[in-house]
Amino acid sequence: QKNSVSMFTRLPVCLSAPRLSRSYAAGAPHKNKKIAVVLSGSGVYDGSELHEAVSTLVAISQTGASYKCFAPDVDQLHVINHATGEVTQEKRNVLVESARISRGDISKLQDLNQEEFDGIVVPGGFGAAKNLCDFATTEGANYTVLPELEKVLKDFHTNKKPIGLCCISPVIAAKVFPGSSVTIGSDEGTAQRIQAVGSTNVAKEVSEVQIDKENLIVTTPAYMCDKPIHKIFEGVGKMVNNVLQLTPLKE
């Protein structure tokens, strides 16, 4: 039994997670740029939306840029059985669950230093509305953002580094940066709540992006639109590419 355990804990190099994820894409236009990706768990109903999260990582890699994943070291609001949609009695940690997406290469959100990155992206999923803020459990303008995430976003904003968000996560930027313009698609209820916190929703289709040039915020609806996965990937890719285009020039 010990030998069996050892065999599965000592992973071969091909299965081990790289410490810094890099791309070998032809041309690699952004090969010296680094993007922080903030995850909120693993699974659409209680964490990061997996298609959106992976689309984000692939899109970053395709440009030649590198990424590093972060997540808050907190318990999830709750755990959803994704086969039935029912709440279970389990408790899961957001950081631990997010590590499934990043193949184990992840750090605590509190350790994210904007000086080490050129931009930041927050994929969607209910975890963004449950674990990164409490949008899902409140009404109107009465939602709050996880303090450590709010601090990180403000650090990037102050240093004129772009912020990308998709699906429901743009409500976070709307709250942290009143007066900003974002898109969550055309859902009227969510748009009204964005307006209630002093920001604006610009209705966009799944493959489109909203670029707030003043605040350097790039958003796309993703699964706020009921569209197939390849259209989600297209929109997330445009978001990522626009984030990278807005990153500060390096000497």
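Source: prediction; values computed, not measured. Basis for what follows: all heavy atoms, side chains included, without hydrogens, waters or symmetry-related copies.
Looking only at side-chain heavy atoms (C-beta outward), His30 and Ile60 stay at 4.5 Å or farther from each other. In this structure, Pro72 and Leu132 have side chains that are in contact, with non-hydrogen atoms separated by less than 4.5 Å.
Tracing side-chain contacts under 4.5 Å through hydrophobic residues (I, L, V, M, F, W, Y), one never reaches Met239 starting from Ile194; they form parts of separate clusters. Under the 4.5 Å side-chain heavy-atom criterion for Ile, Leu, Val, Met, Phe, Trp and Tyr, Val96 and Leu146 are members of distinct hydrophobic clusters. There is no path of hydrophobic side-chain contacts, each under 4.5 Å, that joins Ile172 to Val94. Under the 4.5 Å side-chain heavy-atom criterion for ILVMFWY residues, no single connected hydrophobic cluster contains both Phe70 and Val121. If you chain together hydrophobic residues whose side chains sit under 4.5 Å apart, Val176 and Ile168 fall into the same group.
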Which pairs of donor and acceptor atoms, one on a side chain in residues 221-237, lie under 3.5 Å apart (sequence neighbours left out)?
from	atom 1	to	atom 2	distance (Å)
Tyr223	OH	His51	ND1	2.8
Lys231	NZ	Glu234	OE1	3.0

Would you give me the side-chain donor-acceptor pairs under 3.5 Å for residues 107-117, sequence neighbours excluded?
from	atom 1	to	atom 2	distance (Å)
Ser107	OG	Lys68	NZ	3.4
Asn113	OD1	Glu115	N	3.0
Gln114	OE1	Lys161	NZ	2.9

* Would you please test Cys69 and Leu57 for side-chain contact (heavy atoms from CB on, under 4.5 Å) and show each step? => CA-CA 9 Å; Cys69 294; Leu57 303 183; 4.0 Å; yes

* Test side-chain contact (heavy atoms from CB on, under 4.5 Å) applied to Ile163 and Leu216, step by step -> CA-CA 6 Å; Ile163 300 168; Leu216 300 182; over 6 Å; no

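With hydrogens and angles left out, the side-chain atoms of Ser180 and Ser199 include a donor and acceptor closer than 3.5 Å.
Among residues two or more places apart in sequence or in another chain, the side-chain hydrogen bond (donor to acceptor under 3.5 Å, both in side chains) test is passed with Thr247 by Lys33. With sequence neighbours left out, the side-chain hydrogen bond (donor to acceptor under 3.5 Å, both in side chains) criterion links Asp212 to Asn215. Residues that satisfy the ring pair (Phe, Tyr, Trp, His ring centres under 6.0 Å) test with Phe156, not counting sequence neighbours, are absent from this structure. Shown here are the side-chain hydrogen bond (donor to acceptor under 3.5 Å, both in side chains) partners of Ser42, two or more places apart in sequence or in another chain: there are none. Shown here are the ring pair (Phe, Tyr, Trp, His ring centres under 6.0 Å) partners of His78, two or more places apart in sequence or in another chain: there are none.
Here salt bridge (charged side-chain N to carboxylate O under 4.0 Å, His left out) pairs that include residues 181-209, with residues two or more places apart or in two chains, number zero. Note on residues 86-101: pairs passing salt bridge (charged side-chain N to carboxylate O under 4.0 Å, His left out), not counting sequence neighbours, are Glu90-Arg92, Arg92-Glu97, Glu97-Arg100. Annotation: salt bridge (charged side-chain N to carboxylate O under 4.0 Å, His left out) contacts involving residues 139-154, sequence neighbours excluded, comprise Glu150-Lys154, Lys151-Asp155.
Considering CD1 of Ile211 and OG1 of Thr219, their distance stands at 9.0 Å, rounded to 0.5 Å. Between Glu52 atom CD and Thr56 atom OG1 the span is 7.5 Å, to the nearest 0.5 Å. Interatomic distance, Thr144 OG1 to Leu149 CG, rounded to the nearest 0.5 Å: 11.0 Å. The line from CD of Gln210 to OG1 of Thr220 is 10.5 Å long, rounded to the nearest 0.5 Å. Atoms CG and OG, on Leu39 and Ser102 in that order, are 6.5 Å from each other to the nearest 0.5 Å. Between Leu165 atom CG and Ile120 atom CD1 the span is 8.5 Å, to the nearest 0.5 Å.
Residues Pro178 and Val197 share a closest heavy-atom pair of CB-O, 3.8 Å. For the residue pair Val171 and Ile184, the shortest heavy atom distance occurs at CG1-CG2, 4.4 Å. Closest approach of Ser66 to Lys34, counting heavy atoms only: OG-CG, 3.1 Å. The shortest heavy-atom contact between Asn131 and Gly47 is ND2-CA, 4.4 Å. Scanning all heavy atoms of the two residues, the minimum distance from Ala136 to Lys130 falls at CB-CG, 3.7 Å. Scanning all heavy atoms of the two residues, the minimum distance from Ser40 to Ser48 falls at N-OG, 2.7 Å.
Its side chain within the 4.5 Å cluster rule, Phe126 clusters with Val44, Tyr45, Ile80, Val87 among the Ile, Leu, Val, Met, Phe, Trp and Tyr residues. In the hydrophobic clustering (ILVMFWY side chains linked at under 4.5 Å, chained through shared members), Leu77 stands by itself.
Checked by atom type and distance alone, the side chain of Lys175 never pairs as donor or acceptor with a backbone atom of Val145 at under 3.5 Å. A donor-acceptor pair is defined here as one N or O able to donate and one able to accept, closer than 3.5 Å; such a pair exists between the side chain of Asn201 and the backbone of Gly185.
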